[in-house]
Amino acid sequence: MASSRSSSEESRFTVLAASAVGGILAGGILLGFLILPVVQGRQAGIDPWTAICRSLGIAPGTPAAGSPISTAAARPVSRVSWDEGTLRALAGAAGPSPPEAVAQCAACHGDAGIATDPTFPNLAGQSAAAIFKQLHDYRSGARVNEQMSPVAQGLDEADLAALALHFAARSKGTMDATARADRNHPVAELVLRGDPARGIPACNSCHAPGSGGPIETPILTRQNEAYLADQLRRYARGDRGNDIYGRMRGFSAKLTEDEIRRLAAFYAWTE
Amino acid sequence: MAASEEDVLRTEIRWSFVVFAATALILISILYAGLVHGINPPSNIETVDPKTLHLSGEFTEGNLGTRVEADGGVTVRVVTTQFAFVPQCVVVPTDRKVTLRFASPDVIHGVLVAGTNVNTMVIPGYVSQVHTTFKTTGDLLTPCHEFCGLGHSQMWAIVRAVAPADFKPDAQGRAACDGR
């Protein structure tokens, strides 16, 4: 069948295809390097010749606006930078933790990372990046606590990473299934889906393990209820401000007191 | 029942018209947006270190929002982060050239100010800069339009365009939605 096609038919196709490709190319050049730059340049007050040169990339674009540096007093936000060194320190297996530091932590946070008092946070199974960030912030003064600040200030960055890895590797243990939070309760809507009208993202979009949010966000499940509620209130009041770019200060301020109590209870009793 | 080669050819040609029509329609809408609404990608390339964005320089927390610069130009600085615009509301004057500068410390976000030609991606490592003049007053919805994670659908901001007479920056040239 194919062999019965005349050669004139084939050459006609070649010409047709070549002119189609050529036409599209010419049209693209005309639109991209001539029409669009000239028309858009007129709207932006740029003469046609400069606009064409800029579209071709042989004249520079709008000069950057000089990046004026802030003279405002910096708020005490975190000094942690998730650079390669920090990430590498937290990616390895737990190095030798200073034993006296572990003992010091265990006095409040428990040997196994389960806090001795419900107003202190549990550390077992927490993300190492989250523990490291909070220790680092206590050390730099971005977060202040009369017990934690002096402890963190006595340690160096390698100790902080070792301690973070040590407690991250502890097991949370199993939870009594009968105590589990009701996932059909209205507050679960905030946890799982958020509230678009108020601009509150689902809590789980950052705080569920492996959610893909910012690396420093802690895992909240099985955290102590009293501790969680207290931290949300501190964020809402602005007493705690080491959340980078005020993410938690912003979201917490939108929550009602009732929501804060219910959210804390929900996470405390969810695995 | 096998179709003849002619039938196959005819079907292919018919579908190729559909493909061409769809491509042409998309191109025409891009051209229309470019020529009539003045929408174009940022024309400058400016890099910034996303790892230290919050530590020093232009995009520290205290330097965000609207500011009238020494030369009288209005600049708005916004950080797009998972899953919020910081600040969530910015105030701008109408009928005056405004420069919007966006940066991201984490992942790729997008910014679209409804009803204006502000429409850009925000890529970690780069500053996205857009110039515009707001023509109507009101609260303009500004959603993130680049999927950025599980909280993407709750990520939006407000650009509050006010008449020049109502635009009242403080002594440092700063203006914010809550009147601070």
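In what follows, every chain begins at residue 1, and chains take the letters A, B, ... in the order their sequences are listed.
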Task: Crowding at CZ, A:Arg12 (>12 non-hydrogen neighbours, <6.0 Å) - done: no
Open item on the list: So which residue, B:Ala70, B:Ala84, B:Ser153, B:Gly151, ends up with the most heavy-atom pairs under 4.5 Å with chain A?
Closed with: B:Gly151
Task: Portion of A:Leu31 that has a non-hydrogen atom of chain B nearer than 4.5 angstrom - done: side chain
Task: Residue among B:Thr52, B:Val79, B:Leu27 with most heavy-atom pairs under 4.5 Å to chain A - done: B:Val79
Open item on the list: Please rank A:Gly199, A:Gly246, A:Ser55, A:Gly212 by heavy-atom pairs under 4.5 Å with chain B and give me the top one.
Closed with: A:Gly199
Task: Crowding at CZ, B:Arg96 (>12 non-hydrogen neighbours, <6.0 Å) - done: yes
Task: Partner chain B: residue of A:Ser211, A:Cys206, A:Pro201 with the largest heavy-atom pair count (under 4.5 Å) - done: A:Pro201
Open item on the list: Applying side chain to side chain donor-acceptor pair (under 3.5 Å), can you list everything that pairs with B:Gln82, at least two apart in sequence or on another chain?
Closed with: none
TODO: Answer whether the closest heavy-atom distance between the side chains of B:Pro105 and A:Ile244 falls below 4.5 Å.
DONE: no
Task: Pairs of heavy atoms under 4.5 Å with chain B: top-ranked of A:Ala202, A:Ala208, A:Pro196 - done: A:Pro196
Task: Closest non-hydrogen atom pair between A:Ser81 and B:Leu55, with its separation - done: CB-CD1, 4.0 Å
- [ ] Could you look at A:Ala197 and say if it's the side chain, the backbone, both or neither that has a heavy atom under 4.5 Å from chain B?
- [x] backbone
Open item on the list: Going by side chain to side chain donor-acceptor pair (under 3.5 Å), name the residues that satisfy it together with B:His54, two or more places apart in sequence or in a different chain.
Closed with: none
Task: Side-chain heavy atoms of A:Asn204 within contact of B:Leu150, under 4.5 Å - done: no
Open item on the list: For the NZ atom on A:Lys254, are there more than 12 heavy atoms of other groups (residues, nucleotides or ligands in this structure) within a distance under 6.0 Å?
Closed with: yes
Open item on the list: I want to check something: taking the side chain as every heavy atom from C-beta on, are B:Thr81 and A:Arg247 in contact at a cut-off of under 4.5 Å?
Closed with: yes
Task: Student check: side-chain heavy atoms of A:Ile200 and B:Gln154 closer than 4.5 Å - done: no
Task: Atom OH of B:Tyr126 with >12 non-hydrogen neighbours under 6.0 angstrom - done: no
Open item on the list: Just verifying a value: how many Å separate A:Ile35 CD1 and B:Leu35 CG, rounded to the nearest 0.5 Å?
Closed with: 7.5 Å
Open item on the list: Using a 6.0 Å cut-off, check whether atom CD of A:Glu271 has over 12 heavy atoms from anything other than its own residue.
Closed with: yes
TODO: Could you list which of residues 85-95 of chain B have a heavy atom closer than 4.5 Å to any heavy atom of chain A, in residue-number order?
DONE: B:Val86, B:Gln88
Open item on the list: Tell me the closest heavy-atom pair linking A:Tyr245 and B:Phe59, and the distance in Å.
Closed with: OH-O, 2.6 Å
TODO: With a 4.5 Å heavy-atom cut-off (strictly below), which parts of residues 14-23 of chain B touch chain A? List them by number.
DONE: none
Task: Segment of A:Arg198 engaging chain B (4.5 angstrom heavy-atom cut-off) - done: backbone
